[in-house]
Amino acid sequence: MPSFPDVDAMNAPLEQLQTGFEQALVIAFGPELAGTDPMLGPASNPKFGDYQSNIALVLAKQLGQPPRAIAEQIIHHLALSDICHPPVVAGPGFINLTLKASYLEEQLAVMHSDRRLGVPRAKASKRVVIDFSSPNIAKEMHVGHLRSTIIGDCLARILEFQEHDVLRLNHVGDWGTQFGMLIAYLKEAYPAALTTSNALELGDLVTLYRQAKQRFDQDEVFREASRQEVVALQAGEAITQRAWQLLCEQSRREFQRIYDLLDIKLTERGESFYNPLLPAIVSDLERLGLLVEDQGAKCVFLEGFTNREGKPQPLIIQKSDGGYNYATTDLAALRYRIQQDQADWIIYVTDAGQANHFAQVFQVARRSGWIPEDVTIAHVPFGLVLGEGGRKLKTRSGDTIRLQELLNEAIARARADLEARLQEEGREETEEFKAHVAEVVGIGAVKYADLSQNRTSNYVFSYDKMLALQGNTAPYMLYAYVRVQGISRKGQINFEKLTQNPQLSLVEEAELVLAKHLLQLSEVLEQVSTDFLPNRLCQYLFELSQKFNQFYDGCPVLTAAEPLQVSRLALCDLTARTLKLGLSLLGMQTLDRM
RNA sequence: GCGCCCAUAGCUCAGUGGAUAGAGCAAUCGCCUUCUAAGCGAUCGGCCACAAGUUCGAAUCUUGUUGGGCGCGCCA
């Protein structure tokens, strides 16, 4: 195991250019320009160079000078000759910058020697609560849980990598009136399960739910029994409690199968956890004078929300029958996460349809003074999963699609693809190999397809597209990684033992392009952790794969003479490590062969 | 009716107030005696829904219009 310097390395060229510009601005135009954003960004077109600054255009009015003249003065004072070629003023006053090969070579060497590939840790580690996945007990996880689970896990992984202190919470629906019905049915149909442990394997909770619902709809006596069970559950009555436990345990086992398959870790803390805290929410709101009784229900009337009649809309805190709503639970959870979990950030990853609900809950919490100034709360919304017809994704018979089946299908299709390919190429592989590749490709495809879209828009689910071998897909990226491993095998190269400080020499255009892209990793991760848009990371990894494939196409590695070979091996190694890290942050595994 | 989200190439989508708006797929045409061609190159494809406004500069910000999705009092 090579020893990596355990220090923060910064490989983002942007940051260094930024500093140079800030200094030049002060020297050229005086100290009042200290701290001015130099408007640096990637060049809009590669022919202009690598980066551009638009600051001259911005300052034109303020300084009363033509933008090009300002740009000339700035570049006159820029001390960036170590980093880039002489800056060029172009068009109306853009300053174009092109990085020097020597600079890229140095930076890549730094990146190569760093276990974190030059990605800095967060300047201040925050306590982050991220609430995602959240299926309902006694129901199956379905396609509706897919995006929350995948996106939430990805964001958690990125924040964890930045060394924030992340608490991943699974806010499962384990409480509510539907449990009365379920428990009543359990007592009626499977009484042995309540007294003898493991007397019953509740194979299919969906069927149980359906049968219970049917009884509930048809039988008045059963309905009354169900209501009694809700009361008994609230009161903590032993047998009822046991039935509830049984349901929760069974669901938990089924959820865990899916989380294992998806490689997702979560701490379960369901709605029931906050149950004892609900009365205090009501009494505290009452004390604050926010609570109004209306038609028997205790409500907070909201600012900026109106109902169909144009009157202020209430948020119901306690129903007229004394029961609580999910808004109450969410308020209690919010308060607990701030006070007990000591959260600095609280992130909710749920569908966009809940935007109103969260805006309302946050408003009430804010008006109650429960959210300190330094605590940041964010709803991270995402769009619906649609079928290829553009309608909500359903099975042919109109049922919602079970998540387990969806994942199985993706794996099965990946397997079929692989087997067809093996036959075509006359390859023989073990069952173990085939099963593993199919799982990594299938699960990776489902995750990548979801994450590679801007989460705010609806997402059209298509097995064919996510498993396509070309384009912005999981298989394409996995293949780029496999190609590097191929080089390693063929040339018997152990990348971990590749010299500590490889001498890089970037000659070919494809090498320069790849090098520049590799060095943008930190910038991309920084951005994703700010705007919570994983598709930006996907885009980066896709472009990295493309650029690697172009390099692979035009720059032979194993047949290259020294010192070029070491340099190219280092580029391969950096690409592979960047892909592996990036994909792992998306929650994806890599393969050495496929 | 009100609120939130969305509208960019035939399709699926990127796009950070900046230069001639980009990918992928599909279509058409090339490239395997050379590290896995699951690859690479090229061609074709645009009224950034519409209209005003702000700005030196708008796909991007504001307002309005049209079209679509989601939600809106005792489910979560």
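The basis for the numbers below is simple: all heavy atoms, side chains too, and nothing from hydrogens, waters or symmetry mates. Naming convention: chains lettered A, B, ... in sequence-line order (proteins, then strands); numbering from 1 in each chain.
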Worksheet entry | Nucleotide-resolved protein contact map, nucleotides 69-76 of chain B, B/S/- at heavy-atom distance under 4.0 Å | SS-BBBSB
Discussion item. Within the 4.0 Å limit for protein heavy atoms, which parts of nucleotides 15-22 of chain B are touched? Write it as a string from 5' to 3', B for base, S for sugar-phosphate only, - for none.
Written reply: SS-BBB--
Worksheet item: For F273(A), what residues pass the ring-ring contact (aromatic ring centres under 6.0 Å, His included) criterion, not counting sequence neighbours?
Response: Y336(A)
Fill in: ring-ring contact (aromatic ring centres under 6.0 Å, His included) involving F94(A) - partner list, sequence neighbours excluded
none
Item to complete: Could you say whether G471(A) or S457(A) is positioned toward the 5' end of RNA chain B, judged by the nucleotide with the nearest heavy atom to each?
Response: S457(A)
Worksheet item: When you match S545(A) and P556(A) each to their closest nucleotide on RNA chain B, which lands nearer the 5' end?
Response: P556(A)
Which whole-number value in Å describes the distance from [X] [atom1] to [N] [atom2]?
X: K547(A); N: rA23(B); atom1: NZ; atom2: P; answer: 11 Å
X: D573(A); N: rC35(B); atom1: CG; atom2: C1'; answer: 16 Å
X: D553(A); N: rG30(B); atom1: CG; atom2: C1'; answer: 13 Å
X: N472(A); N: rC13(B); atom1: CG; atom2: P; answer: 13 Å
X: L544(A); N: rA23(B); atom1: CG; atom2: P; answer: 17 Å
X: Y476(A); N: rA23(B); atom1: OH; atom2: P; answer: 13 Å
X: L386(A); N: rC6(B); atom1: CG; atom2: P; answer: 15 Å
X: K311(A); N: rG3(B); atom1: NZ; atom2: C1'; answer: 18 Å

Worksheet item: Would a distance-only check, ignoring hydrogens and angles, find a side-chain to backbone donor-acceptor pair under 3.5 Å from N458(A) to L384(A)?
Response: yes
Please state the [atom1] separation for the pair [N] and [M] - nearest whole angstrom.
N: rG10(B); M: rA27(B); atom1: C1'; result: 10 Å
N: rG15(B); M: rA23(B); atom1: C1'; result: 10 Å
N: rG46(B); M: rA58(B); atom1: P; result: 23 Å
N: rG67(B); M: rC48(B); atom1: C1'; result: 16 Å
N: rC50(B); M: rA9(B); atom1: P; result: 11 Å
N: rA76(B); M: rG71(B); atom1: C1'; result: 13 Å
N: rG22(B); M: rU8(B); atom1: C1'; result: 10 Å
N: rG68(B); M: rA37(B); atom1: P; result: 49 Å

Within the 4.0 Å heavy-atom criterion, would you say [X] contacts the bases, only the backbone, or no part of the nucleic acid?
X: F542(A); value: sugar-phosphate
X: V557(A); value: base
X: C555(A); value: base

Item to complete: Give the ring-plane orientation class for H517(A) versus Y540(A), where under 30° counts as parallel, over 60° as perpendicular and anything between as tilted.
Response: parallel
Give every donor-acceptor pair under 3.5 Å between a side-chain atom in residues 357-365 of chain A and any protein atom, sequence neighbours left out.
| unit_1 | atom_1 | unit_2 | atom_2 | d |
| --- | --- | --- | --- | --- |
| H357(A) | ND1 | Y326(A) | OH | 3.1 |
| H357(A) | NE2 | D330(A) | OD2 | 2.6 |
| Q363(A) | OE1 | E303(A) | N | 2.9 |
| Q363(A) | OE1 | R367(A) | NH1 | 2.7 |
| Q363(A) | NE2 | E303(A) | O | 2.8 |

Worksheet item: Any side-chain heavy atom of L331(A) sitting closer than 4.5 Å to one from L278(A)?
Response: no
Worksheet entry | Salt-bridge criterion met for D131(A) and R337(A) (N-O under 4.0 Å) | yes
Worksheet entry | With sequence neighbours excluded, residues passing side-chain hydrogen bond (donor to acceptor under 3.5 Å, both in side chains) with N454(A) | T456(A)
Worksheet entry | Set of side-chain hydrogen bond (donor to acceptor under 3.5 Å, both in side chains) partners for S53(A), sequence neighbours left out | none
Worksheet, complete the sentence: Base-paired stretches in RNA chain B with three or more consecutive Watson-Crick or G-U pairs, both distances under 3.5 Å, amount to B:1-7 with B:66-72, B:10-13 with B:22-25, B:27-31 with B:39-43, B:49-53 with B:61-65
Worksheet item: About how many Å separate CG of N136(A) and NE2 of H171(A), when rounded to the nearest 0.5 Å?
Response: 10.0 Å
Fill in: Polar side chain donor-acceptor pair, H145(A) to S134(A), under 3.5 angstrom
no
Discussion item. Distance alone, cut at 3.5 Å: any donor-acceptor contact between the side chains of Q539(A) and E543(A)?
Written reply: yes
Response to the item:
Applying salt bridge (charged side-chain N to carboxylate O under 4.0 Å, His left out) to R568(A) and not counting sequence neighbours gives E511(A)
Item to complete: List for me each residue that meets salt bridge (charged side-chain N to carboxylate O under 4.0 Å, His left out) alongside R415(A), sequence neighbours excluded, and say none if there are none.
Response: E419(A), E431(A)
Can you find a side chain N or O atom of [X] that sits less than 4.0 Å from OP1 or OP2 on [N]?
X: R483(A); N: rA37(B); answer: yes
X: Q360(A); N: rG3(B); answer: no
X: Q470(A); N: rG39(B); answer: yes

Please report, to 0.1 Å, the donor-acceptor pairs under 3.5 Å made by any side chain of residues 311-320 of chain A, with sequence neighbours excluded.
| unit_1 | atom_1 | unit_2 | atom_2 | d |
| --- | --- | --- | --- | --- |
| Q318(A) | NE2 | G322(A) | O | 2.9 |

Discussion item. Anti or syn, where syn is a glycosidic angle within 90° of 0; which label fits rC11(B)?
Written reply: anti
Discussion item. Set out, in order, the CA-CA distance, both residues' side-chain angles and the distance that settles salt bridge (charged side-chain N to carboxylate O under 4.0 Å, His left out) for R413(A) and D417(A), then state yes or no.
Written reply: CA-CA 6 Å; R413(A) 289 189 186 219; D417(A) 261 13; over 6 Å; no
Discussion item. Short of 4.0 Å, heavy atom to strand atom, which residues of residues 435-446 of chain A count as contacting RNA chain B?
Written reply: none
